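Note that this is a predicted model, so its numbers are computed, not measured. FYI, the numbering just counts along the sequence from 1.
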Amino acid sequence: MRISICHCLDCQKRTGSAFGYQARFPADQVAVEGEMKEFERLGDSGQTVTFRFCPLCGSTVYWTLPSQPGLIAVAVGAFADADYPPPWFSVYERRRHRWVDVPPSVTERLD
């Protein structure tokens, strides 16, 4: 549905990096396997985001947002695929680290 990078402060904290990189899918097209732990936080948008992470390694695997009930966002790093398609959407640009060059594949930007 959407491959994006997010520059919000919460994604920076969650990933320990300058931005988050995620892909969103229709929930009915995703098979979730294995044990997951949940963590909820209030996002920059003001809505609660529910993260699911691996209880063994602590990696964020996927998350859901109440404003998008039919979608699941998956951390692209969870795919361990260096050929995964580049993002085409960038959000929270006002919080982007100035040294981060947004790839030319990004055609939509939200502040």
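A distance of 9.5 Å separates CZ of R94 from SG of C8, quoted to the nearest 0.5 Å. Within the model, atoms OG1 of T60 and NZ of K37 stand 15.0 Å from one another, a figure rounded to the nearest 0.5 Å. Atoms NE2 and CZ, on H7 and R109 in that order, are 7.5 Å from each other to the nearest 0.5 Å.
The two residues V61 and A78 come nearest to each other via the heavy atoms O-CB, 4.5 Å. For S105 against P87, the heavy-atom pair with the smallest separation is OG-O, 2.6 Å. The nearest pair of heavy atoms linking V76 to A23 is CG2-N, 3.8 Å.
In this structure, T64 contributes its side chain and I72 its backbone to no donor-acceptor pair below 3.5 Å. Remark: the backbone N or O of P55 is not paired with any side-chain donor or acceptor of E35 at under 3.5 angstrom. Judged by distance alone, with hydrogens and angles left aside, the side-chain atoms of Q12 form no donor-acceptor pair with the main-chain N or O of H97 at under 3.5 Å.
Residue pairs that meet the salt bridge (Lys or Arg N to Asp or Glu O under 4.0 Å) test with at least one member in residues 1-24, sequence neighbours left out, are D10-R41.
Residue M1 places its CE atom among 12 or fewer non-hydrogen atoms of other residues, nucleotides or ligands, all under 6.0 Å distant. Heavy atoms from other residues, nucleotides or ligands lying under 6.0 Å from CG of D101 number 12 at most.
Under the ring pair (Phe, Tyr, Trp, His ring centres under 6.0 Å) criterion, F51 pairs with W63, sequence neighbours left out.
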